[in-house]
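Read through the structure below, which is laid out as C-alpha cells, and then see the notes.
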Amino acid sequence: MTIDLSTERMLAEIDDHGVGRLVFNNPAKHNALSLDMWQGVADALACFEANDEVRVVVMSGAGGKSFVSGADISEFDSKRSNAEQRREYGRVSARGGRALATFSKPLIAEITGYCIGGGLATALNADIRFATPDSTFGIPAAKLGLGYGYDGLAKLTRTVGPARARDIMFSARFLDADEALRIGLLNFVEPRETISSAVSEYAHRVAANAPLTVRAAKAAVEAWEAGERADDLAKVRQLVDACFNSEDYREGRRAFAEKRKPAFRGG
C-alpha cells in the first residue's frame with residue numbers, strides 16, 4: 001500500500017508483512033533534506049504510527065550514492081532568508097525530527113554510500129543500522145565552523161561512547177564501514193548486492209515477533225538512554241504489564257506448547 005504524501009521527494013509504503021518503507025527521494029542532491037521532505041517524514045511516520053498493521057519501518061536513500069546528506073542549503077535563500085521564514089522552517093523541520101526521535105516502533109536504517117552530517121544524525125534515530133562496505137560516516141561541523149546541537153551529540157555519544165564521539169567531532173574525519181561497525185555505529189555491514197534482501201529479511205523477522213514485547217523493549221532501552229527518569233520508567237512498567245495481559249502472551253505460550261510458529265496480533 002502506497003501512502004500519499006505532499007511531496008514526491010519522500011516515498012512511503014507498507015508491504016504485506018507489516019513493514020513500512022520510507023525513502024528519501026532526492027538523489028539529484030544526494031538526498032539532501034528539503035523543507036517539504038521534513039514535512040513528508042513527519043506525515044509518513046504519523047501514518048505508520050497510527051497503523052496497527054505496521055510492525056517495523058525501514059528508511060533508505062534513493063540513488064545508491066547517499067543515505068541523507070544533510071539539509072538542502074540551496075533552498076535557504078527562498079525559505080530561510082528572514083526571521084519569519086526561519087521560524088517556519090524550524091517548526092516544520094522540528095516536527096520531522098521529533099517524529100523520528102519519538103517513533104515507538106522499531107526503525108531500521110538501510111545505508112548505502114555517504115552518511116554525513118545531518119544524514120548521520122538522521123541515521124542515529126534508527127534502532128538498527130545496516131550499511132554497505134563502501135559507506136562513509138562523519139560529522140564535518142568543525143570544518144565548517146558551525147555549532148552542533150546537544151540532541152544530536154547526545155545520541156552519538158550514547159551510541160559510540162564519549163571518547164569516540166569526541167574523536168568524530170574534534171577531528172571531523174570520515175569513518176569507513178568497518179570502523180563504524182567496530183565502534184557500534186552500525187549493527188551490520190552487507191554487500192550492495194544483498195543489503196536490500198538482508199534488511200527485508202531482518203525487518204520481516206522483527207515484524208513476526210510480538211509487537212507489544214518489541215515496543216516495551218524499545219521503550220526500556222530509551223528510558224535507560226534518557227537517564228531512567230521516573231515517568232519513562234512508569235511507562236515501561238505499563239508496557240510490560242500490557243504484554244503479560246495480552247492475547248499475544250497466551251498465543252506465545254500455546255504456540256510453544258504446540259511446537260508451532262506463533263501468530264501474534266498485537267493485542
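In terms of heavy-atom proximity, Gly267 sits nearest to Leu212 at CA-CD1, 4.2 Å. Summarising the geometry of Thr132 relative to Gly113, their closest heavy-atom pair is OG1-N, 3.8 Å, with the distance given to 0.1 Å. Taking each heavy atom of Glu49 and Thr102 in turn, the nearest pair found is OE1-O, 4.3 Å. Taking each heavy atom of Leu22 and Ala44 in turn, the nearest pair found is CD1-CB, 3.6 Å. Closest approach of Ser69 to Lys29, counting heavy atoms only: OG-O, 3.3 Å. Annotation for Val19 and Ala207: closest pair CG2-CB, 4.3 Å, computed over non-hydrogen atoms.
Phe137 CZ to Leu156 CG: the interatomic distance, rounded to the nearest 0.5 Å, is 12.5 Å. Atom SG of Cys115 and atom CG of Leu175 lie 11.0 Å apart (nearest 0.5 Å). One distance of note links OG1 of Thr136 with CD of Glu179; it measures 11.5 Å at 0.5 Å rounding. Rounding to the nearest 0.5 angstrom, the gap separating the CG atom in Leu107 from the CZ atom in Arg129 is 9.5 Å. With values rounded to the nearest 0.5 angstrom, Asn31 atom CG is found 9.0 Å from Met10 atom CE. Rounding to the nearest 0.5 Å places CG of Leu144 at 11.5 Å from CD1 of Ile139.
Salt bridge annotation for Lys235-Asp232: absent, with no cationic side-chain nitrogen under 4.0 angstrom from a carboxylate oxygen. Ionic pairing of Asp176 and Arg182 is not present here: no N-O contact between side-chain nitrogen and carboxylate oxygen is shorter than 4.0 angstrom. Between Arg158 and Glu222 there is no salt bridge, since no side-chain nitrogen of the basic residue lies less than 4.0 Å from a carboxylate oxygen of the acidic one. Salt bridge annotation for Arg265-Asp52: absent, with no cationic side-chain nitrogen under 4.0 angstrom from a carboxylate oxygen.
Residues Thr122 and Val41 form no side-chain contact, since every pair of their non-hydrogen atoms from C-beta on lies 4.5 Å or further apart. Side-chain atoms of Phe24 and Phe67, non-hydrogen and from C-beta on, do get closer than 4.5 Å to each other. Using a 4.5 Å heavy-atom threshold, the side chains of Glu110 and Ser196 count as touching. Residues Asn26 and Met37 form a side-chain contact, since some pair of their non-hydrogen atoms from C-beta on lies under 4.5 Å apart. Using a 4.5 Å cut-off on side-chain heavy atoms (C-beta onward), Trp38 and Leu100 make contact. In this structure, Met59 and Ile108 have side chains that are not in contact, with every pair of non-hydrogen atoms separated by 4.5 Å or more. Taking 4.5 Å as the limit, every side-chain heavy atom of Phe130 sits out of range of all side-chain heavy atoms of Asn187. The shortest distance between side-chain heavy atoms of Phe188 and Ile128 falls below 4.5 Å.
Side-chain N or O atoms of Ser246 include one that pairs as donor or acceptor with a backbone N or O of Cys243 at under 3.5 Å. Counting only distance, with no hydrogens or angles, the side chain of Ser171 and the backbone of Asp167 share a donor-acceptor pair below 3.5 Å. Side-chain N or O atoms of Asn51 include none that pairs as donor or acceptor with a backbone N or O of Cys47 at under 3.5 Å. Checked by atom type and distance alone, the side chain of Lys105 pairs as donor or acceptor with a backbone atom of Val54 at under 3.5 Å. A donor-acceptor pair under 3.5 Å is formed between the side chain of Asp15 and the backbone N or O of Gly18.
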side-chain contact (heavy atoms from CB on, under 4.5 Å) assessment of Glu228 paired with Leu233: CA-CA 6 Å; Glu228 300 179 324; Leu233 295 179; 4.1 Å; yes

- prompt: Would Thr112 and Arg192 satisfy side-chain contact (heavy atoms from CB on, under 4.5 Å), going step by step from the backbone distance to the final call?
  reply: CA-CA 7 Å; Thr112 55; Arg192 273 186 177 256; 4.1 Å; yes

message: Test salt bridge (Lys or Arg N to Asp or Glu O under 4.0 Å) on Arg95 and Asp43; report intermediate values, then the result.
response: CA-CA 9 Å; Arg95 178 172 174 253; Asp43 292 344; 3.0 Å; yes

query: Could you go step by step and tell me if Ile3 and Glu13 meet the side-chain contact (heavy atoms from CB on, under 4.5 Å) rule?
result: CA-CA 5 Å; Ile3 297 174; Glu13 63 180 19; 6.0 Å; no

- prompt: Please walk me through it: do Leu120 and Leu185 pass side-chain contact (heavy atoms from CB on, under 4.5 Å)?
  reply: CA-CA 10 Å; Leu120 181 53; Leu185 196 58; 4.2 Å; yes

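Within 6.0 Å of atom CZ in Arg173, more than 12 heavy atoms from other residues, nucleotides or ligands are found, so the atom counts as buried in its surroundings. Within a 6.0 Å radius of CZ in Arg254, other residues, nucleotides and ligands contribute more than 12 heavy atoms. Within 6.0 Å of CG on Asp16 lie no more than 12 heavy atoms contributed by other residues, nucleotides or ligands. No more than 12 heavy atoms of other residues, nucleotides or ligands shown are found within 6.0 angstrom of CD on Glu53. The number of heavy atoms from other shown groups lying within 6.0 Å of CD (Glu8) does not exceed 12.
Residues Ser6 and Gln39 have side chains that never bring a donor and an acceptor to within less than 3.5 angstrom of each other. A donor and an acceptor atom, one from each side chain of Thr2 and Arg21, are nowhere located under 3.5 Å apart.
Both tests hold for Arg253 against Tyr249: distance to the six-membered ring centre under 6.0 Å, angle to the ring axis within 45°. With Phe256 as the aromatic partner, Lys261 does not meet the cation-pi criteria of under 6.0 angstrom to the ring centre and within 45 degrees of the ring axis.
Of the residues Thr7, Leu11, Leu5, the one that meets the side chain to side chain contact (heavy atoms under 4.5 Å, CB included) test with Arg9 is Thr7.
Under a hydrophobic-cluster definition in which Ile, Leu, Val, Met, Phe, Trp and Tyr are linked whenever side-chain heavy atoms come within less than 4.5 Å, directly or via other members, Leu124 and Ile183 are assigned to the same cluster.
Using cut-offs of 30° and 60° for the angle between ring planes, the Phe103 and Phe48 rings count as perpendicular.
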